[in-house]
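The structure under discussion appears below in the form of structure tokens.
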Amino acid sequence: MALKTAQQYLDDLRSRDIELYMFGEKVENYVDNPIIRPSINSVAMTYKLALDPEYEDIMTATSSLTGQKINRFTHLHQSTEDLIKKVKMQRLMGQKTGACFQRCVGMDAFNAVYSTTFEIDQAHGTQYHQRFVKFLEYVQENDLVVDGCMTDARGDRSKSPAQQPDPDAYLHVVERREDGLVVRGCKLHQTGMVNSHEILVMPNNSLKADEKDWAVCFAVPVDAPGMIYVYGRQASDTRKLEGGNVDIGNLHFGGQEVLTIFNNVFVPWERVFMDGETDFSTMVVERFAGYHRQSYGGCKVGVGDTLIGAAKAIADYQGAAKASHIKDKLVEMCHLNETLYGCGIACSAEGRKTAAGNYLIDQLLANICKQNVTRFPYEIARLAQDIAGGYFVTMPSEKDFNHPDIGPLVKKYSTTRNDVPVEHRQRMARLIENLTQGAAAVGYLTESMHGAGSPQAQRIMITRLVDLEHRKELAENLCGVRENPDIDW
Ligand code: SF4
Ligand code: FE
């Protein structure tokens, strides 16, 4: 079975028991929980679209491992064309869900771990790569969702993992047994964690030679013994419990972030892909971060498309669409959004083959992409709020609109154009609220800031990757500070 249906995916989630908490209580049937279900629907779309002939080229690929048709979310990129299709797929998914659809972290982790394990084996004579290939074949054949898992709790930020008063501040090996490892720690804000089948854990950061216990990469099933999950809150999440379907803004879709505790979890050796190779922790971290910084040039652009569409719609509904400043603001939103897309495509087109054979994005351009993503969605959101007017945050609840006595009055005074049903304005305003300061703002704004690394992480990479001395030489050649080597005719 290389491609699952959305229904089969939902059945997978129902078939297992996980220890999940939310609002201080254990969640029993999380698949049908109204707060969690929208995030599951977002992932389910990755299955549905892969089986839609219209999107086949973008949503599926031919496996380099098995030759089978697979979901692109489980693919090892084989060319720059594959890297570009990845970004296009993410834009499409953002457009269809208006939310974080979560499955990219696994895809980005596969590609980073695949190439890194190959290079670890070359340097150290280890056997990690073949183990990882076996794991990935299993993922591809069963069309699984995998959470790429990196960010630790991190304790005191001024201290490295081995210096922390609590060694569990960074996930680490606590026991090495004949049959495998035991690990303990916690990974914060894990995107789509309980919507996944498997977890692929990587180290959080560069490590010193004496920090071997923290240099660990492995995979475990989400329902492995010792795994504990605590669901992250999102702004206005409890609106999903109110029973209506207007005030939630996005009717069907949402994102998910989960505090993920590894409480002495056993990992068999065949699932261990790094154990103590501190000299490769930087490589796996930078490659995963680079791929995910590319990803944002697709997913955030797709969500941006929906916000631009919502701003255009509300301007139409309110009779403001012909105002020149509204048109200009919509152009500005498009300009910013397409600039992000340009960055996502550029770092893909400039990708290169790794020693293992899969393709890696251009790291400098991927970091430029993400640096822009830390800013432009905020400006796009500001312009959307400007166009919407204040009513999207002061509008009464849908229950007031439906009230037998005051409902007609609320509707009367919420009417804009006579030919536009007031409910359309209500729904569109709530969607703008959802995207710019409600539940979806976690994915569209704060995740744009901190996901795949906070802005300073990109600036460190840009500093490292840009050759300023070379640029200085270029200037010196032109103005005669240096003899210009090109003038030899
Ligand atoms: Fe995918 Fe974007 Fe969500 Fe990351 S933030 S998992 S790239 S949708
Ligand atoms: Fe993310």
Side-chain angles (χ1 to χ4, degrees), residues 38-47 49 58-59 71-75 77 83 85-112 145-151 187-196 199-200 202 204 232 234 250 253-258 260 285 287-307 337 340-341 343-345 347-348 361 366-367 369-374 376-377 435 439-455 457-458:
S39 72
I40 295 175
N41 290 343
S42 297
V43 181
M45 279 298 275
T46 69
Y47 287 93
L49 295 187
I58 232 175
M59 295 295 301
N71 193 301
R72 188 174 293 282
F73 279 98
T74 67
H75 188 45
H77 316 299
L83 288 169
K85 281 186 181 171
K86 172 197 161 185
V87 172
K88 292 187 173 185
M89 170 178 75
Q90 290 167 311
R91 184 171 189 171
L92 172 71
M93 283 294 308
Q95 291 174 342
K96 294 283 189 185
T97 61
C100 166
F101 38 90
Q102 309 145 53
R103 205 172 171 184
C104 330
V105 280
M107 166 176 56
D108 291 341
F110 301 147
N111 278 278
V145 179
V146 177
D147 179 282
C149 190
M150 183 166 278
T151 309
K187 297 284 189 180
L188 297 186
H189 31 78
Q190 287 307 303
T191 301
M193 175 55 83
V194 299
N195 298 344
S196 304
I199 314 169
L200 177 53
M202 296 161 282
N204 181 90
Q234 299 183 337
N250 186 334
F253 301 104
Q256 174 187 100
E257 307 293 333
V258 181
T260 301
V285 169
R287 288 186 180 177
F288 172 71
Y291 281 122
H292 211 55
R293 289 168 194 176
Q294 168 211 25
S295 287
Y296 281 30
C299 78
K300 304 304 177 211
V301 179
V303 179
D305 287 327
T306 68
L307 183 54
N337 206 40
L340 298 179
Y341 186 55
C343 289
I345 296 295
C347 69
S348 307
I361 37 65
N367 278 276
C369 177
K370 174 68 209 318
Q371 184 77 178
N372 283 332
V373 169
T374 65
F376 294 179
L435 285 163
V442 176
Y444 187 56
L445 297 181
T446 319
E447 196 173 28
S448 288
M449 177 72 79
H450 292 296
S454 304
Q458 290 111 57

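We number each residue from 1, following the sequence as shown. Just so you know, ligand 1 is whichever comes first in the structure, and atom 1 is the first atom listed for that ligand.
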Does Cys299 put an N, O or S atom under 2.8 Å from atom 2 (Fe) of ligand 1?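 A backbone or side-chain N, O or S atom of Cys299 is under 2.8 Å from atom 2 (Fe) of ligand 1.
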Counting from 1, what ligand 1 atoms have a heavy atom of [X] closer than 4.0 Å?
X	answer
Glu447	5 (S)
Gln102	3 (Fe), 6 (S)
Ser295	7 (S)
Tyr296	4 (Fe), 5 (S), 7 (S)
Lys300	2 (Fe), 5 (S)

Decide yes or no for Thr151 and Lys187: does some side-chain heavy atom of the first lie under 4.5 Å from some side-chain heavy atom of the second? no
Are His292 and Met150 packed together at the side-chain level, in the sense that at least one heavy-atom pair is separated by less than 4.5 angstrom? no
What do you reckon, does Met93 put a non-hydrogen atom under 4.0 Å from ligand 1? no
Once you round to the nearest 0.5 Å, how far does OH of Tyr296 lie from OG of Ser448?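 The OH atom of Tyr296 sits 7.0 Å away from the OG atom of Ser448.
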Say whether Gln102 and Ser39, considering side chains only, have a donor N or O and an acceptor N or O under 3.5 Å apart.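 Ser39 and Gln102 do not have a side-chain donor-acceptor pair below 3.5 Å.
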Between Cys104 and atom 4 (Fe) of ligand 1, is there a contact where an N/O/S atom of the residue lies under 2.8 Å from the metal?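 It does not; every qualifying atom lies at 2.8 Å or beyond.
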Do the ring planes of His77 and Tyr291 sit parallel (below 30°), tilted (30 to 60°) or perpendicular (above 60°)?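 Correct class here is tilted.
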For atom 3 (Fe) of ligand 1, what's the nearest protein heavy-atom neighbour? Residue, atom name and distance, please. Cys100 SG, 2.3 Å
Reference residue Gln294; test side-chain hydrogen bond (donor to acceptor under 3.5 Å, both in side chains); the match among Lys370, Lys86, Gln90: Lys86
Under 3.5 Å donor-acceptor, Asn250 side chain and Phe253 backbone: yes
